[in-house]
Engineer: 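Let me give you the structure first, and then I'll get to my questions.
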Number of protein chains: 4
Amino acid sequence: MPKVDDAHLAARRRQILDAAAACFAREGFHRTSVQDIVRESGVSAGLVYRYFSGKEDMIAAIVAEWQERRLARLGDDPIAGYLDVLRSVADPANRAEQRLGVQVWAESIRSERIRAQAREGVDAPRRLAEEAGLPDALARVLIAVWQGLVLQTLWDEDLDIESYLQVVEHLLRPVTQTPATDD
Amino acid sequence: MPKVDDAHLAARRRQILDAAAACFAREGFHRTSVQDIVRESGVSAGLVYRYFSGKEDMIAAIVAEWQERRLARLGDDPIAGYLDVLRSVADPANRAEQRLGVQVWAESIRSERIRAQAREGVDAPRRLAEEAGLPDALARVLIAVWQGLVLQTLWDEDLDIESYLQVVEHLLRPVTQTPATDD
Amino acid sequence: MPKVDDAHLAARRRQILDAAAACFAREGFHRTSVQDIVRESGVSAGLVYRYFSGKEDMIAAIVAEWQERRLARLGDDPIAGYLDVLRSVADPANRAEQRLGVQVWAESIRSERIRAQAREGVDAPRRLAEEAGLPDALARVLIAVWQGLVLQTLWDEDLDIESYLQVVEHLLRPVTQTPATDD
Amino acid sequence: MPKVDDAHLAARRRQILDAAAACFAREGFHRTSVQDIVRESGVSAGLVYRYFSGKEDMIAAIVAEWQERRLARLGDDPIAGYLDVLRSVADPANRAEQRLGVQVWAESIRSERIRAQAREGVDAPRRLAEEAGLPDALARVLIAVWQGLVLQTLWDEDLDIESYLQVVEHLLRPVTQTPATDD
DNA sequence: AATGAATGAGTTTTCATTCAT
DNA sequence: AATGAATGAAAACTCATTCAT
């Protein structure tokens, strides 16, 4: 095949990346072999290495996309966007994405590169919060509330997201509304 | 074949488990080879397999101990102890423990057995909270606040734990309901 | 499919062979991948296979050209030209040529075809020597003196070629038999 | 198997090294796969890597032994030892060793480590010659005469080693004997 | 009880070659 | 004529596990 257009190249890359993401979400980064990705994607082993320099490179690409998706979901209204993000965590359609997230966290422990990416996933919202005038520590707590929800959702399919959201909203009321509100 | 007393057996087991925990915290379960554990522990490969049926078995033992430690720390008074638990997360001396925790979370995705253990780490506190009359969703949020702190501490050594605790306390004030307490 | 004149075909072939020779001299036949040659030559992988049936074929072509060059250099007067040939070995400009030669020697061990070519590089001078009335074994020794010089020059850039030549001349004096010449 | 004695370890190493040397002499370093060595030696792939860090390491070990053998053969009397070395080159029993030598020369072109080893194979005799009062360039020429003989022997099984030796002795006569000897 | 040599299937990665365009 | 995307077999190397001693 001769030089193909960029759309084709992008589609190929997608094909591989989607297969990799599916495998990674299922089995984790290190239990997934390149052969698994080859099988899942339907392309040859050689081609995988034309698009990615190795498994590490694929992991990094997956992580980058995962972060982008999250930040995009946050949108411009930090508070409203935040509750949307929380709700999306509980959506069974996004289960694979959450599973991927946990793998990213584990990988961030041993890979400097991925730690930087994971950290940026916290720092970017923190900067948004700062612009919105929220205390940094509050931003951290809110992010933690999201991170813990990801874990708990994966462990308990019946987690009651609405109650969870209500508690969060309740706790946030003194913060989001005028501070004078007495209880 | 000399017969050895139980204390010796227990000590050997400890020696291996401690080495394994150190390796796992450093590199994760799957990037740690049995040889790594052999090196770190100083015992032979053969002996490792007299104490554990395989790597999976060692992971399970490590996870079980980690879980026990967590639940023990929770102690008798969950409300009073909670902020202390959070503070202990930020203690650099406990860093390996937190790193191990993240690995456990990742492993819970693919192992039913470990998922059950990880889940119990959430369910036990929830039961305690229920006994104390706290809403279940609030218990979940508090656990999330702990989980997220673990992650963020590992990513940012300079995380300001005191500010974090203050925000948590502040958010909880309307809930802990000693409304008169002025600071 | 545009038809192209022979000059174009020859130029293309040259382009590929020159790139291959450069790679082979640098890394040896087997450490050079076809992709290396593709990169060095600037043509596509597909085109390489229109000019050569495969890597082995390229090696054979390179060896053939190298052999031709060697025999050509020998020229018409082997005796007079010999010392010049030795001198040219030490010329840094010919370094790639010498490196290629060593690769050819190594390849001659496993390829009957290349062994025949390499052998002819010895036999042709031997025949010339015979015509000139030189003993066959002397011809062999002279060729050895050249072969060893190739190796030693590649290992030691500071090799003193003039001393080397003087020794050779000195040793040959009783043989070249113009005994009266009192230098 | 428990800790075995050093003789066993040394024998194992020999077993692997001999197999490797046989493969290398037959097919060259780069045409020999680790699997080939595994097959030839009869040990498992894993064991090969307990004794050698990789293929490069095995090549280096082979080269070192090859050099040692040659220097040992040279003995203490440079001139007499030298003619012995030449004679041994033509001995069919040593054919594999000569083939190996040519591979070493080729490898010396791309590997700094092996180049250093190959160079030492020239420098050590040169130092011996210096001690014996022989001019350095003469030592070089003599080494070249040996190197070329290795190549020519491999290309021509019928090479007449006695004539070759006679020519060498003849050429050396003015050097080895008292300079006054008139032919 | 303890060792560590040995295994071999599995891993990631490379590479000569083909062929649709 | 020329491209370069695609293949898949084979390469080097690793690793959990076993077992003779």
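What you see is a predicted model, and the numbers here were worked out from it, not measured in a lab. To find a chain, count down the sequence lines: A is the first, B the second, and so on, and within it residues start at 1.
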Engineer: For the side chain of B/Ser33, starting at C-beta, report the closest nucleotide among F/dA16, E/dT12, F/dT3.
Structural biologist: F/dA16

Engineer: Could you please name the option among E/dA6, F/dA16, F/dC13 that lies closest to any side-chain atom of B/Tyr49?
Structural biologist: F/dA16

Engineer: Rounding to a whole Å, what distance do you find between B/Met58:CE and F/dC15:P?
Structural biologist: 15 Å

Engineer: Touch check for C/Tyr51, heavy atoms < 4.0 angstrom, all strands: base, sugar-phosphate only, or nothing?
Structural biologist: sugar-phosphate

Engineer: Assess the side chains of B/Gln98 and B/Arg95: does a donor N or O sit below 3.5 Å from an acceptor N or O?
Structural biologist: no

Engineer: Any chance you could lay out the side chain to side chain contact (heavy atoms under 4.5 Å, CB included) test for D/Leu17 and D/Tyr51, step after step, and finish with the verdict?
Structural biologist: CA-CA 10 Å; D/Leu17 230 36; D/Tyr51 286 86; over 6 Å; no

Engineer: Across all strands shown, which nucleotide pairs with E/dT21 by Watson-Crick or G-U wobble geometry, both distances under 3.5 Å?
Structural biologist: F/dA2

Engineer: For a quick test of reading the model: is some side-chain N or O of A/His8 closer than 4.0 Å to OP1 or OP2 of E/dA20?
Structural biologist: no

Engineer: So, D/Ser108 side chain and D/Ala118 main chain: donor-acceptor pair closer than 3.5 Å or not?
Structural biologist: no

Engineer: On DNA chain E, compare the nucleotides closest to C/Arg31 and B/Ser44; which residue's is nearer the 5' end?
Structural biologist: B/Ser44

Engineer: Starting at CZ of D/Arg13 and ending at C1' of E/dA6, how long is that distance when rounded to a whole Å?
Structural biologist: 18 Å

Engineer: Without swapping roles, check the side chain of A/Gln67 against the backbone of A/Gln117 for a donor-acceptor pair under 3.5 Å.
Structural biologist: yes

Engineer: Whole-Å distance between E/dG10 C1' and A/His30 NE2?
Structural biologist: 17 Å

Engineer: Figure out the CD/C1' separation between C/Glu56 and E/dC15, and round it to whole Å.
Structural biologist: 14 Å

Engineer: At less than 4.0 Å, is any side-chain N or O atom of A/Lys3 found next to OP1 or OP2 of F/dT3? Yes or no.
Structural biologist: no

Engineer: Specify the closest pair of heavy atoms between A/Ala25 and B/Ile109, including all atoms of both residues, with the distance to one decimal.
Structural biologist: O-CG2, 3.7 Å

Engineer: Give a yes/no answer on whether the side chain of C/Arg50 brings an N or O atom under 4.0 Å of OP1 or OP2 in F/dA1.
Structural biologist: yes

Engineer: Quick one: D/Glu27 CD to F/dA11 P, roughly how many Å, whole number?
Structural biologist: 11 Å

Engineer: How would you label the contact of C/Gly54 with the nucleic acid (heavy atoms, under 4.0 Å): base, sugar-phosphate, or nothing?
Structural biologist: sugar-phosphate

Engineer: Assuming nearest nucleotide by heavy-atom distance, tell me which of D/Lys55 and C/Arg12 is located more 5' along DNA chain F.
Structural biologist: C/Arg12

Engineer: Whole Å only: how far is the CG atom of B/Leu9 from the C1' atom of E/dA2?
Structural biologist: 12 Å

Engineer: Give the rounded distance in Å between these two atoms: CD1 of B/Ile37 and C1' of F/dT17.
Structural biologist: 13 Å

Engineer: In whole Å, what is the span from the CZ atom of C/Arg39 to the P atom of E/dA16?
Structural biologist: 11 Å

Engineer: With a 4.0 Å cut-off on heavy atoms, is B/Thr32 in touch with a base, just the backbone sugar-phosphate, or nothing at all?
Structural biologist: sugar-phosphate

Engineer: Between A/Ser53 and B/Gln35, who's closer to the 5' end of DNA chain E by nearest nucleotide?
Structural biologist: B/Gln35

Engineer: Tell me which nucleotide among F/dA1, F/dA16, E/dA16 gets nearest to the side chain of B/Val34.
Structural biologist: F/dA16

Engineer: Could you please name the option among E/dA1, F/dC13, F/dA6 that lies closest to any side-chain atom of B/Val4?
Structural biologist: E/dA1

Engineer: On a heavy-atom basis, which atom in B/Gly101 and which in B/Trp66 lie closest, and how many Å separate them?
Structural biologist: CA-CZ2, 3.3 Å

Engineer: Between B/Asp36 and C/Val48, just flag the one whose closest nucleotide in DNA chain F comes earlier from the 5' side.
Structural biologist: C/Val48

